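Down below is the structure, laid out as structure tokens.
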Amino acid sequence: MSSKGNSVTTQQISVLGLGAMGTALARALLSGGHEVTVWNRTPARAEPLAAEGAKVAATSAEALSAADLVILCLFDDVSVREHVEPAADRLRGRTVVNLTTTAPEQARALGHWADEHEVTLIDGGIMAVPPMIGGPAAFVLYSGPEAAIERHRATLELFGRVDYVGEDLGAAAMYDLAILGGMYAMFAAFQQGGQMVRTTGGTAAHLATLMAPFLQAMTEAFAHQAPGIDTPEDFVPEQSAEFTAAAIGTIDAAATESGTPTDLYATLRRTLTGM
Ligand SMILES: NC(=O)c1ccc[n+]([C@@H]2O[C@H](COP(=O)([O-])OP(=O)(O)OC[C@H]3O[C@@H](n4cnc5c(N)ncnc54)[C@H](OP(=O)(O)O)[C@@H]3O)[C@@H](O)[C@H]2O)c1
């Protein structure tokens with residue numbers, strides 16, 4: 001580690017995986033003044049970053065031993081294991097931040113492997129698309145050893161806001177997947193709603209302009225509903241289960257009557273009311 005000028009502490013950092021996301025992460029680190037070594041399975045993808053000042057490693061093993069801090073942004077858990085496991089000796093004593101999307105249990109299993117080989121593992125879930133990296137709306141969920149995350153906070157903040165969600169290495173993946181689940185539930189409701197309004201002469205494009213601000217306003221209800229999940233024994237809901245079930249029943253009937261039947265609303269009713 002060395003100091004550049006009076007503000008940036010330069011670190012040797014390796015980034016493995018230069019897809020759309022890994023490239024954005026490497027670029028953010030270069031912009032932050034770090035010495036970045038990159039590696040990608042298909043070497044051509046490293047060329048733009050080489051032109052911007054990154055060193056290119058010939059092999060993943062070379063990249064893993066070139067830095068104290070290693071960022072992984074590969075495809076999945078299998079691709080992470082494929083490159084990390086054979087390099088256990090090279091990684092001893094280093095910190096690895098795995099920003100590849102994996103399941104919580106895979107993150108924990110990699111944590112056990114890391115413990116056995118004296119590697120410090122941090123797991124992360126990126127809540128952004130590549131063009132957002134380094135911008136004000138990006139945030140990344142982190143789980144694992146809090147002290148290691150704090151030690152690297154200034155570097156990790158180059159990607160976006162740092163949100164620590166717990167010591168359990170599976171926590172970042174669990175929050176990440178919960179948030180993505182919310183996104184897909186919303187998209188499913190929009191797809192279905194678009195079909196429904198078209199049967200009355202409307203368009204999905206018009207629905208989009210009306211549904212987006214309404215749903216945005218509705219997200220304030222999360223904070224009111226959270227105690228019903230965290231401490232259900234003390235919770236008095238604002239709306240009864242019967243009222244919610246009847247409201248969803250009306251939506252379901254409209255979908256069926258309009259010739260666009262769906263299982264979506266029955267699933268929502270069961271999830272929200274148990275009925
Ligand atoms: N893009 C997003 O909006 C976003 C958002 C949040 C999280 N993420 C996560 O970030 C990770 C990377 O996403 P991405 O958008 O950068 O994907 P991408 O553009 O499809 O790139 C995938 C990367 O994984 C590499 N790869 C795949 N299999 C490999 C293997 N067996 N060994 C070594 N490298 C392998 C690819 O190398 P080649 O170039 O050789 O194929 C490429 O560098 C994923 O886990 C994704 O879920 C992405």
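For clarity, every value in this text was computed on a predicted model and none was experimentally measured. Both backbone and side-chain heavy atoms feed into the values below; hydrogens, waters and symmetry mates do not.
- Within the 3.5 Å criterion, the main-chain N or O of Pro43 finds no donor-acceptor partner in the side chain of Asn40.
- Separation of atoms CE (Met127) and CG (Leu180) is listed at 4.5 Å; rounding is to 0.5 Å.
- Legend: residues meeting salt bridge (Lys or Arg N to Asp or Glu O under 4.0 Å) with Arg108, ordered by chain and number and at least two apart, are Glu105, Asp168.
- Listed here is the closest heavy atom pair of Thr271 and Thr267: OG1-O, 2.7 Å.
- The closest side-chain donor-acceptor pair between Thr37 and Gln12, if any, does not fall under 3.5 angstrom.
- The CG atom of Leu110 sits 9.0 Å away from atom OG1 of Thr100, with the distance rounded to the nearest 0.5 Å.
- Distance alone, capped at 3.5 Å, places no donor-acceptor pair between the Thr199 side chain and the Gln195 backbone.
- Looking at Thr273, its side chain never comes within 3.5 Å of a backbone N or O of Thr244 through a donor-acceptor pair.
- Within a 6.0 Å radius of OH in Tyr265, more than 12 heavy atoms belonging to other residues, nucleotides or ligands are found.
- Residues forming a salt bridge (Lys or Arg N to Asp or Glu O under 4.0 Å) with Arg153 (at least two apart in sequence, or on another chain): Glu150, Glu157.
- For the residue pair Asp234 / Thr231, no side-chain donor-acceptor distance below 3.5 Å is found, with atom types taken as modelled.
- Ile126 and Leu158 fall within the same hydrophobic cluster, defined by Ile, Leu, Val, Met, Phe, Trp and Tyr side-chain heavy atoms under 4.5 Å apart, directly or through other members.
- With Ile122 as the partner, the side chain to side chain contact (heavy atoms under 4.5 Å, CB included) test is satisfied by one option alone out of Leu169, Thr95, Val96, Leu99: Thr95.
- Met174 and Phe139 fall into different hydrophobic clusters, where Ile, Leu, Val, Met, Phe, Trp and Tyr residues are linked whenever their side-chain heavy atoms come under 4.5 Å apart, directly or through other members.
- Linking Ile, Leu, Val, Met, Phe, Trp and Tyr whenever their side-chain heavy atoms come within less than 4.5 Å puts Trp39 and Leu64 in one cluster.
- At a threshold of 4.5 Å between non-hydrogen side-chain atoms, the residues Arg27 and Leu49 count as touching.
- Under a 3.5 Å cut-off, the side chain of Thr256 and the backbone N or O of Asp252 do form a donor-acceptor pair.
- Two different hydrophobic clusters hold Val15 and Leu91 under the rule that ILVMFWY side chains link at heavy-atom gaps under 4.5 Å.
- Of the possible polar contacts, none joining the Gln192 side chain to the Ala188 backbone as a donor-acceptor pair under 3.5 Å is found.
- The salt bridge (Lys or Arg N to Asp or Glu O under 4.0 Å) test applied to Glu85 returns Arg81, not counting sequence neighbours.
- Side-chain atoms of His83 do not come within 3.5 Å of backbone N or O of Ser60 as any donor-acceptor pair.
- For Thr200 (side chain) and Val197 (main-chain N/O), a donor-acceptor pair under 3.5 Å exists by modelled atom type.
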Side chain to side chain contact (heavy atoms under 4.5 Å, CB included) between Thr120 and Arg94, worked out: CA-CA 6 Å; Thr120 301; Arg94 302 182 201 275; over 6 Å; no

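- When the shell of 6.0 Å around CG of Asp263 is examined, it contains 12 or fewer heavy atoms from other residues, nucleotides or ligands.
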Candidate pair Leu29 and Glu35, rule side chain to side chain contact (heavy atoms under 4.5 Å, CB included), full reasoning: CA-CA 8 Å; Leu29 294 170; Glu35 287 177 14; over 6 Å; no

Steps toward side chain to side chain contact (heavy atoms under 4.5 Å, CB included) verdict (Glu238, Gln225): CA-CA 9 Å; Glu238 283 175 17; Gln225 292 177 13; over 6 Å; no

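- Thr203 places a side-chain N or O within 3.5 Å of a backbone atom of His206 that can act as its donor or acceptor partner.
- When hydrophobic clusters are built by joining Ile, Leu, Val, Met, Phe, Trp and Tyr residues whose side-chain heavy atoms come closer than 4.5 Å, directly or via intermediates, Val162 is not grouped with Val165.
- Between the NE2 atom in His34 and the CD1 atom in Ile13 there is a gap of 4.5 Å [rounded to 0.5 Å].
- A distance of 12.0 Å separates CD of Gln191 from OH of Tyr184, quoted to the nearest 0.5 Å.
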